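See below for the structure under consideration.
Each chain gets a letter, A, B and so on, in the order the sequences are listed, and its residues count up from 1. Note that the coordinates shown come from a computational prediction; the quantities given were computed from them, not determined experimentally. Hydrogens, waters and symmetry mates play no part in the numbers below; they use all other heavy atoms, side chains included.
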Amino acid sequence: MSHGWMQLAPYGFDEQTGLLTYLDRLSSGRVLEYRIREASGGVNVEAGRGLSATERAELRHRISWMLGLDMDFSEFYSEARREPKLSRAEKKAQGRVLRCPTLFEDVVKTILTTNTLWGATRRMTANLVAQFGEPLPEDASRKAFPTPERLARTTEARLRRETRLGYRAPYILELARSIASGALDLEVLKAGRLTTSELRKRLLAIKGVGNYAAANLLVILGRYDYLPIDSWALKMVSNEWHAGRPVTPVEVEAAFASWGKWKGLAYFVWDWSELKD
DNA sequence: GGTAGACCTGGACGC
DNA sequence: GCGTCCAGGTCTACC
């Protein structure tokens with residue numbers, strides 16, 4: 001819950017019951033819904049019946065990635081004990097950032113967060129899913145996130161008209177087409193073989209991904225050396241340490257510099273003071 | 001390498 | 001009802 005991904009389609013979250021849902025399309029082409037609940041020692045997932053062994057293995061792999069189930073934060077927690085503003089991190093098992101099964105989806109969603117309001121990000125994502133996603137067999141009104149191949153077949157004009165992506169439409173289209181054609185492989189970036197600096201270069205090479213978006217994606221990839229400094233970060237740092245005076249990205253960097261390779265994570269789970277009116 | 005200016009969209013705000 | 005501003009930034013042209 002450290003960022004808003006659970007509010008973006010095809011994720012759904014019920015605050016009353018704590019049920020997290022997600023509509024996914026497996027490589028077999030099967031579209032299904034994951035119903036994920038917290039359980040003792042892990043999570044419980046319902047995902048329909050009649051899955052093959054291959055599909056079950058893929059599903060397990062994808063959900064494990066989405067929830068970061070194999071991530072180890074013990075080193076960060078050890079550092080965080082010296083900072084009261086991070087004291088709840090270990091107790092609440094914070095650090096995991098909800099992510100999508102494919103990096104393609106995370107990149108698209110990150111581009112849709114830029115230069116707009118959160119409500120518009122939600123709307124653009126919902127439009128993309130509704131217009132280009134593959135439907136759930138038992139309820140055609142509910143759909144998975146569109147594949148690069150499906151988006152690659154549409155036109156910029158249709159993207160602009162039907163999803164209201166605005167100037168972001170050509171970025172999303174170019175990304176989808178590069179992946180669909182095989183020219184770009186984003187999934188390989190998850191393997192952890194590249195240095196953070198090299199990973200950042202690859203992300204910045206994507207049209208529509210700048211410093212903020214790259215840093216946000218690095219956090220999603222488990223690299224915390226860069227801060228995703230957006231207008232919200234400027235506002236929160238201003239309120240936290242500068243009595244509401246406007247601050248620059250340099251001052252945001254300075255505020256978290258002492259956290260070194262953990263600074264992106266410290267920023268994400270920081271217990272921010274209430275904004276003053 | 002640093003920096004204006006343009007960029008879709010739609011909600012908030014002032015008049 | 002209308003015009004302006006701006007938001008969880010980025011790109012391009014220009015210096």
Side-chain angles (χ1 to χ4, degrees), chain A residues 1-9 11 13 97-100 104-132 151 154-178 184 186 197 199-221 223-224 226-242 244 246-253 255-256 263-275 277:
Chain A
M1 299 174 90
S2 333
H3 69 164
W5 256 215
M6 64 184 181
Q7 297 173 22
L8 298 180
Y11 269 114
F13 183 66
V97 171
L98 185 64
R99 42 197 181 183
C100 302
F104 166 67
E105 186 177 333
D106 278 323
V107 173
V108 169
K109 287 177 172 174
T110 299
I111 291 174
L112 298 190
T113 65
T114 58
N115 195 28
T116 193
L117 298 169
W118 179 245
T121 300
R122 293 181 70 175
R123 186 173 50 250
M124 287 186 275
T125 310
N127 288 343
L128 260 185
V129 170
Q131 296 297 327
F132 299 100
L151 284 178
T154 192
T155 62
E156 184 186 323
R158 190 178 164 206
L159 257 190
R160 283 180 183 260
R161 188 175 64 244
E162 299 188 5
T163 60
R164 315 305 287 168
L165 296 188
Y167 68 88
R168 303 169 194 83
Y171 300 156
I172 304 301
L173 197 55
E174 183 179 323
L175 176 65
R177 286 180 175 164
S178 330
L184 176 67
L186 281 183
S197 164
L199 206 46
R200 180 167 178 269
K201 266 189 218 160
R202 301 278 187 100
L203 293 168
L204 287 172
I206 300 168
K207 276 259 183 70
V209 174
N211 287 334
Y212 158 76
N216 189 58
L217 288 162
L218 283 173
V219 170
I220 282 174
L221 287 166
R223 308 292 181 94
Y224 311 107
Y226 294 87
L227 287 174
I229 301 174
D230 52 16
S231 55
W232 188 83
L234 296 173
K235 194 190 302 180
M236 298 313 281
V237 168
S238 160
N239 182 61
E240 190 84 7
W241 291 290
H242 300 275
V247 299
T248 64
V250 174
E251 288 164 297
V252 177
E253 283 288 343
F256 287 94
K263 62 183 173 186
L265 198 51
Y267 163 79
F268 251 81
V269 303
W270 195 260
D271 186 11
W272 298 98
S273 305
E274 289 260 339
L275 278 172
D277 291 330

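Using a 4.0 Å heavy-atom cutoff across all strands shown, A/Ala213 reaches sugar-phosphate atoms only and no base atom. A/Thr116 comes within 4.0 angstrom of a base, heavy atoms only. Nucleic acid contact class of A/Arg123 (heavy atoms, under 4.0 Å, all strands): sugar-phosphate only. As judged by a 4.0 angstrom heavy-atom cut-off over every strand, A/Leu159 is placed among residues making no nucleic acid contact.
By the 4.5 Å heavy-atom criterion applied to side chains, A/Thr248 and A/Glu253 are not counted as neighbours. At a threshold of 4.5 Å between non-hydrogen side-chain atoms, the residues A/Arg158 and A/Arg161 count as touching. Looking only at side-chain heavy atoms (C-beta outward), A/Thr113 and A/Asp230 stay at 4.5 Å or farther from each other. The closest side-chain heavy-atom distance from A/Trp270 to A/Glu240 is below 4.5 Å. Side-chain contact check for A/Arg164 versus A/Arg123: every heavy-atom pair is 4.5 Å or farther apart.
Side chain to side chain, A/Asn239 and A/Trp272 fail the donor-acceptor criterion of an N or O pair below 3.5 Å.
Across the C1' atoms, B/dG10 and C/dC11 are found 22 Å apart, a figure rounded to whole Å. Taking the P atom of each, B/dA6 and C/dT4 are spaced 15 Å apart, rounded to whole Å. For the P atoms, the distance from C/dG8 to B/dG5 is 24 Å, rounded to whole Å.
Rounded to whole Å, the distance from NZ on A/Lys207 to P on B/dC7 is 16 Å. Rounded to an integer number of Å, the gap from A/Met124 CE to B/dC8 C1' is 9 Å. In this structure, A/Leu165 atom CG and B/dG10 atom C1' are separated by 14 Å, rounded to whole Å. Taking atom CG on A/Asn211 and atom C1' on B/dG1, their separation rounds to 13 Å, with Å as the unit. One can place CG of A/Asn115 at 9 Å from C1' of B/dC8, the figure rounded to the nearest angstrom. Rounded to whole angstrom, the span from the CG atom of A/Leu117 across to the C1' atom of B/dC8 amounts to 12 Å.
No side-chain donor-acceptor contact under 3.5 Å links A/Arg168 to the backbone of A/Leu112.
Checking B/dC8 for Watson-Crick or G-U wobble geometry (two distances, each under 3.5 Å) identifies no partner in any strand. In this entry C/dG8 has no Watson-Crick or G-U wobble partner, no candidate having both defining distances under 3.5 Å.
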A/Tyr267/A/Val219 under side-chain contact (heavy atoms from CB on, under 4.5 Å): CA gap, chis, key distance, verdict:
CA-CA 10 Å; A/Tyr267 163 79; A/Val219 170; over 6 Å; no
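With DNA chain C read from its 5' end, the first of the two nearest nucleotides for A/Tyr171 and A/Trp118 is the one closest to A/Trp118. Along DNA chain C, the nucleotide nearest to A/Gly208 and the one nearest to A/Asp230 differ in position, and the one closer to the 5' end is contacted by A/Asp230.
An OP1 or OP2 oxygen of B/dG10 is reached within less than 4.0 angstrom by a side-chain nitrogen or oxygen of A/Arg164.
Where DNA chain C meets chain A (any atom under 4.0 Å from a heavy atom), the bounding nucleotides read 5' to 3' are C/dA7 to C/dT12.
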